[in-house]
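Notes follow once the structure below has been shown.
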There are 2 protein chains.
Amino acid sequence: MISTVTMKWDGKALELIDQRKLPQTEEYVRCTTSDCVAAAIKDMVVRGAPAIGAAAAFGYVIGAMENSKNLTEERMNAIKGKLAKTRPTAVNLFWALDRMHSKFISLKGKPDFMIDKLNQEAEKIAVEDIEVNKKMGEYGQTLLSNDATVITHCNAGALATVDYGTALGMIHAAVDHGKHLSAYVDETRPYLQGARLTAWELMKLGVKTTLICDNMAGWVMKTKKIDAVIVGADRIAANGDVANKIGTYSLALLAKRHNVKFYVVAPLSTIDVKIKSGLEIPIEERAHDEVTSIRGVKIAPENVGVYNPAFDVTDSDLIDAIITERGMLTYPYETKIANIVKGGAVH
Amino acid sequence: MISTVTMKWDGKALELIDQRKLPQTEEYVRCTTSDCVAAAIKDMVVRGAPAIGAAAAFGYVIGAMENSKNLTEERMNAIKGKLAKTRPTAVNLFWALDRMHSKFISLKGKPDFMIDKLNQEAEKIAVEDIEVNKKMGEYGQTLLSNDATVITHCNAGALATVDYGTALGMIHAAVDHGKHLSAYVDETRPYLQGARLTAWELMKLGVKTTLICDNMAGWVMKTKKIDAVIVGADRIAANGDVANKIGTYSLALLAKRHNVKFYVVAPLSTIDVKIKSGLEIPIEERAHDEVTSIRGVKIAPENVGVYNPAFDVTDSDLIDAIITERGMLTYPYETKIANIVKGGAVH
């Protein structure tokens, strides 16, 4: 049993809040098939690297239930493949599916027993995600003084995770420590996760929230006192380069110019040491109509060409700290990342 | 008589294409009162620094016609004041009104004669704007090789001027010289001048046009071969700092990082030597609903705070050249600007 705003799991069905309709409508999509879960990830009913990881884990369990009469490795490999091919950039998706599939392969017994164990593993992924976010929040909040003003991009909040959030988890923890915070929220075109999701979450947390268009962050840094930019991550390479929502890179460059701290808050499951540097990370390109229309309203000429990369890569030298559940890493990252993923100490 | 896509003037009425409705609807607003012209500038029926300068000049003529029975300096001062207070950042507005008002003060004779002379002056401003744009285009196009790829922001095209455009005038001239160009167009939130106006204009010019969200320009510069960023200007300070549409500053910083040339195309009427540096330029803040809704569709929570600066300032050291109708200036600008505005040679 998992029950958060983002997702509800009762051992049979996965309910996902439809993030495409927030904040105007709070509506859940109920999935009882692995196809439904795959479509929900692909179509961004659920989004945010840790959230899609957990959703995929539950999708994998549903896939096992669908194949209970013939629960073979081949069948589960197909389920894994279907769920994996929904989105290419966030590594948490593959991490969660690999973890579920390894568990499956390690199991011996009747289908009901195996499904029960897989269910436990998926729930563990979800519960751990919340714990990990709270730990990162605690580490991160020490970087924020009372009355700090931050900029955040996209949504790395409770909705991007099972609960609590990564970047917004850091803000949440600071608020829990009695700090008053102000936040400028990039609206985050084309999908408007900032305007729709982050503003909604931060207002609920009691943070003084000011919405801006993405192209205003530079002027905000130049003319207001900004203490930090805080973002999540979709994949972190071995050298500390960070793939995150498109626009993150520009923010990091502006932060460097204005001596504003730039922090990435992400669980270790976001680190992909197989990827040496950011330019190797596959960057998803999404549909043109996300750019040419906004919530169904056409805003561009017919037949205009469109380029719609969903993510970009921020060079590690622009990042002041990567905050994980085992502590904070600072530039240069390569040795520190290699060490922490092996279970070594943070130093 | 002036007749362009942007504005039509028959000596009595000013018709302005309603730029809020383009490209879906091509509709003209017909103004026969100075109040109507002031409202059209304020509400962005007409926008773009040179275009609002010319529109204000015609508004001034209409104001003189309204006061033909008592054509006093006091009355015309009030007309000037009304038209001037519509928008604070683009200096071309004040430049055109000052020019009209100086003309008025220099005139002696009957009201009909004076109105006729004012009409001639306003038409001269409009005709000169087109000539100036073509000259800038000629100078500017020498900087673009065949098959060049550029990024542009907002709309500095025919629609932002009486005709031909500033930044897009440079592209127009290059096309006229037989060069094949490609352009990435920032959509330019919140008002979407890029998506709605620039994409429309460039496609008509036969330029390979790719629309992107503003936050994608950094990734485009990092992963594609971009030769130049080309923008217009709303006001240029004595030191060469440039106020232009919000987001220009971030683009300039990204261009510097990626060794992409950054060009500003603007007539001398955009230079305001009374302003020493960019931080003295008044930056207009516009209504919150431009950010919280897009073409009438709500995209953010109720009651969220909003910051909506319409312009930002780009530091002159980030600008490779300012292209005027008298030639190109390069950094550092202070002495060169002081010289060119006094009529001195470009060097």
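If you're wondering where the values come from, they're calculated on a predicted model, not measured in any experiment. Hydrogens, waters and symmetry mates are skipped; everything else that's a heavy atom, side chains included, is used.
If you tally non-hydrogen atom pairs under 4.5 Å between each of Asp312(B), Leu279(B), Ile246(B) and chain A, the highest count goes to Ile246(B). Counting heavy-atom pairs closer than 4.5 Å to chain A, the top-ranked of the candidates Arg196(B), Arg295(B), Glu187(B), Met216(B) is Met216(B). Between chain B and the residues Asp214(A), Thr223(A), Leu251(A), Thr188(A), the most heavy-atom pairs under 4.5 angstrom are made by Asp214(A). The choice from Leu254(A), Val185(A), Val220(A) that makes the most heavy-atom pairs within less than 4.5 Å of chain B is Leu254(A). Residue with the most contacts toward chain A among Val297(B), Ile294(B), Val291(B), Thr292(B): Ile294(B) (heavy-atom pairs, distance under 4.5 Å). Ranked by heavy-atom pairs under 4.5 Å with chain B, the first of Lys208(A), His258(A), His153(A) is His258(A).
Smallest separation of non-hydrogen atoms from Ala195(B) and Ile299(A): CB-O, 3.4 Å. A pairwise comparison of heavy atoms in Tyr249(A) and Gly218(B) identifies CE2-O, 3.7 Å as the closest pair. Shortest non-hydrogen contact noted between Leu253(B) and Arg257(A) is CD1-CD, 3.5 Å.
Looking at Phe311(B), only its backbone comes within 4.5 Å of chain A, counting heavy atoms on both sides. In this structure, chain B has no heavy atom under 4.5 Å from any part of Lys256(A). Ile212(A) touches chain B through backbone and side chain together, each having a heavy atom under 4.5 Å away. Within the 4.5 angstrom heavy-atom criterion, only side-chain atoms of Pro23(B), from C-beta onward, approach chain A. Contact annotation for Ile283(B): only side-chain heavy atoms (C-beta onward) come within less than 4.5 Å of a heavy atom of chain A. Contact annotation for Glu302(B): only backbone heavy atoms (N, CA, C, O) come within less than 4.5 Å of a heavy atom of chain A.
At a threshold of 4.5 Å between non-hydrogen side-chain atoms, the residues Ser250(A) and Ser250(B) do not count as touching. At a threshold of 4.5 Å between non-hydrogen side-chain atoms, the residues Thr248(A) and Trp219(B) do not count as touching.
Put simply, the side chain of Lys222(A) gets close to the backbone of Val313(B): a donor and an acceptor are under 3.5 Å apart. In this structure, Asn215(A) contributes its side chain and Arg189(B) its backbone to a donor-acceptor pair below 3.5 Å.
When the shell of 6.0 Å around NZ of Lys298(A) is examined, it contains more than 12 heavy atoms from other residues, nucleotides or ligands. Other residues, nucleotides and ligands contribute only 12 or fewer heavy atoms inside 6.0 Å of the NZ atom of Lys276(A).
With rounding to the nearest 0.5 angstrom, the OG1 atom of Thr210(A) is 12.0 Å from the CG atom of Asn308(B).
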